[in-house]
Amino acid sequence: MQKPGTVSPDMAIRMNHYKGLFTGGELIELKDSKSYTVPSFNSTIPTGRKEISKVIKAENSIIRKQMEAAGDDPNSLPVRDVYYLIRGKKKENRKVLLIHGSFFETVRIEDLISQSFSQVLEERLQQSGLQVQDELKNLLFSLFSEQENFSKVRTVNRASVKLRFRIMTEVKAEGNILNPKKYPELIDNTLNIVLPHHTEADKSLTMKKMLSVFGKDRLERFKIFPIKHHFNGYFLVFQILLTEKTEKL
C-alpha cells in the first residue's frame with residue numbers, strides 16, 4: 001500500500017474472474033484528516049468512475065505494476081468505480097468512511113473545469129474592458145475542459161525552469177460529509193459505508209451485495225439509513241460503532 005496521497009489512486013481491488021455480484025477492480029484513494037474536514041484532492045478531481053487507461057498510461061505506473069503482480073489485466077475492465085477511504089479526527093473522536101466517489105462528483109469534471117476557466121476569463125475581460133464574441137468564448141471553454149491540458153509539464157525556450165499547472169480540489173461545506181452540521185447522521189466513532197441510492201434498484205442491488213459480504217447476522221449490527229446530499233440526491237449509509245469488536249466483522 002502506498003502512503004495516502006502519494007499516488008492516485010492508492011490501490012486497486014483485485015478483479016473477480018467468477019460471475020457474481022462483484023466485478024472487482026475498484027479503485028480506492030486514502031484520505032486522512034486531523035479534523036472533520038475532508039482533505040483536499042491534490043492533482044486530481046474526485047469522481048465516481050474512472051477510465052483505467054488514464055490511471056495506468058504512464059510506463060512506470062505503480063498501480064499498473066501492482067495489478068499485473070496480482071495477476072490482473074488492467075485493461076480487462078475499462079471503466080472502474082472509485083471509492084475514497086476517509087478518516088477524520090476531532091480531539092478523541094473519529095469517523096471512518098468508505099464512500100463512493102459520486103458523492104463528490106455533483107458536476108461533470110469537464111463542466112467543472114470549463115466553468116471554472118470561464119470565471120477566470122470573464123474576470124480578466126471585465127478588468128481589461130475587452131469584448132469577445134460568445135462563439136469564441138465557448139470555443140475556449142471547450143478547449144480547456146480536460147484535466148490533462150493542465151497536468152503536462154510545459155517547456156519554454158531558454159527558460160531554466162519548467163512549468164506545470166496543478167489542479168487542487170477542495171470540498172465545499174455541502175460536500176464535507178465529515179461536517180456534523182451538514183450531515184449530523186454521521187456520528188462520532190463510527191465506521192460508515194456510503195453508497196449511491198438514487199433509485200430503488202440501486203438500493204436493492206446494494207442490499208444484496210452487503211448481505212453477501214456480511215451475512216444476515218452481521219448485517220443486522222449495522223444501522224442502515226439514507227442521507228440526502230445537498231446537491232446530489234440520496235446515498236445509503238451502513239453505520240456501525242467503532243469498537244474492538246468492529247475488527248471481527
Side-chain angles (χ1 to χ4, degrees), residues 1 4 8-31 38 41 46-52 55-56 63 66-67 70-88 94-106 175 177-178 183 185-187 189-249:
M1 183 186 302
S8 178
D10 294 282
M11 64 177 72
I13 302 299
R14 181 177 295 178
M15 291 290 298
N16 180 14
H17 299 289
Y18 302 96
K19 293 182 179 180
L21 289 172
F22 303 94
T23 62
E26 293 85 359
L27 306 175
I28 299 178
E29 184 170 341
L30 311 179
K31 309 295 291 183
V38 176
F41 300 83
T47 180
R49 307 191 81 195
K50 185 172 291 188
E51 295 179 19
I52 194 64
V55 176
I56 63 172
I63 290 296
Q66 290 178 341
M67 289 179 177
D72 282 347
D73 175 8
N75 298 308
S76 60
L77 188 62
V79 180
R80 311 289 184 99
D81 278 303
V82 181
Y83 290 83
Y84 297 87
L85 183 57
I86 302 171
R87 180 176 63 175
R94 54 184 174 151
K95 299 178 185 179
V96 179
L97 299 93
L98 179 64
I99 183 169
H100 192 266
S102 59
F103 189 89
F104 303 108
E105 188 184 8
T106 57
I177 194 168
L178 295 176
Y183 299 96
E185 305 92 339
L186 278 294
I187 60 177
N189 302 310
T190 55
L191 168 66
N192 303 270
I193 303 173
V194 186
L195 304 170
H197 175 28
H198 302 310
T199 66
E200 285 302 313
D202 288 340
K203 180 179 179 181
S204 177
L205 181 58
T206 296
M207 292 301 298
K208 286 181 181 179
K209 289 182 175 181
M210 295 296 285
L211 186 60
S212 174
V213 172
F214 292 104
K216 183 178 179 180
D217 292 341
R218 288 180 176 176
L219 190 58
E220 287 179 349
R221 302 184 195 177
F222 286 85
K223 182 180 179 182
I224 304 173
F225 57 91
I227 60 169
K228 189 176 188 305
H229 192 291
H230 292 269
F231 301 134
N232 202 21
Y234 285 91
F235 285 76
L236 195 61
V237 179
F238 296 80
Q239 184 181 88
I240 191 169
L241 290 175
L242 280 172
T243 65
E244 293 181 1
K245 294 182 178 180
T246 306
E247 299 178 0
K248 299 180 181 180
L249 285 174

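Treat the numbers as computed from the prediction; the structure is a model and nothing was measured.
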On a heavy-atom basis, which atom in [X] and which in [Y] lie closest, and how many Å separate them?
{"X": "S212", "Y": "F22", "result": "OG-CE1, 4.0 Å"}
{"X": "Y234", "Y": "P226", "result": "CD2-CB, 4.1 Å"}
{"X": "S76", "Y": "M15", "result": "OG-CE, 3.8 Å"}

Can you tell me how far the [atom1] atom of [X] sits from the [atom2] atom of [Y], to the nearest 0.5 Å?
{"X": "E26", "Y": "L77", "atom1": "CD", "atom2": "CG", "answer": "8.5 Å"}
{"X": "R87", "Y": "L97", "atom1": "CZ", "atom2": "CG", "answer": "12.5 Å"}
{"X": "K31", "Y": "L178", "atom1": "NZ", "atom2": "CG", "answer": "11.5 Å"}
{"X": "L205", "Y": "L21", "atom1": "CG", "atom2": "CG", "answer": "6.5 Å"}
{"X": "I240", "Y": "N189", "atom1": "CD1", "atom2": "CG", "answer": "13.0 Å"}
{"X": "F222", "Y": "L241", "atom1": "CZ", "atom2": "CG", "answer": "11.0 Å"}

[X] side chain vs [Y] backbone, donor-acceptor pair below 3.5 Å:
{"X": "D81", "Y": "R49", "answer": "no"}
{"X": "K50", "Y": "V82", "answer": "no"}
{"X": "S102", "Y": "E105", "answer": "no"}
{"X": "N232", "Y": "T106", "answer": "no"}
{"X": "E185", "Y": "V237", "answer": "no"}

Determine whether [X] and [Y] make a side-chain contact, defined as any pair of heavy atoms from C-beta on separated by less than 4.5 Å.
{"X": "L186", "Y": "Q239", "result": "yes"}
{"X": "H100", "Y": "V194", "result": "no"}
{"X": "I52", "Y": "L27", "result": "yes"}
{"X": "V55", "Y": "R80", "result": "no"}
{"X": "Q66", "Y": "I63", "result": "yes"}

Does the ring centre of [Y] sit less than 6.0 Å away from the ring centre of [X]?
{"X": "H197", "Y": "F235", "answer": "no"}
{"X": "F104", "Y": "F41", "answer": "yes"}
{"X": "Y183", "Y": "H230", "answer": "yes"}

- Show the numbers, then the answer: is there a side-chain contact (heavy atoms from CB on, under 4.5 Å) between I56 and N75? CA-CA 9 Å; I56 63 172; N75 298 308; 4.0 Å; yes

- Dump the intermediate steps for side-chain contact (heavy atoms from CB on, under 4.5 Å) on D10 and L85, then the final yes or no. CA-CA 10 Å; D10 294 282; L85 183 57; over 6 Å; no

- Kindly determine whether I224 and L236 satisfy side-chain contact (heavy atoms from CB on, under 4.5 Å), including the steps that lead there. CA-CA 7 Å; I224 304 173; L236 195 61; 4.1 Å; yes

- Check the surroundings of atom NZ in K223: do more than 12 heavy atoms from other residues, nucleotides or ligands lie under 6.0 Å from it?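 No - once you tally the heavy atoms of other residues, nucleotides and ligands closer than 6.0 Å, there are 12 at most.
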
- Check against ring-ring contact (aromatic ring centres under 6.0 Å, His included), F238 and F214: CA-CA 12 Å; F238 296 80; F214 292 104; 8.0 Å; no

- Message: Evaluate N192 against I177 for side-chain contact (heavy atoms from CB on, under 4.5 Å), listing each step before the verdict.
- Response: CA-CA 11 Å; N192 303 270; I177 194 168; over 6 Å; no

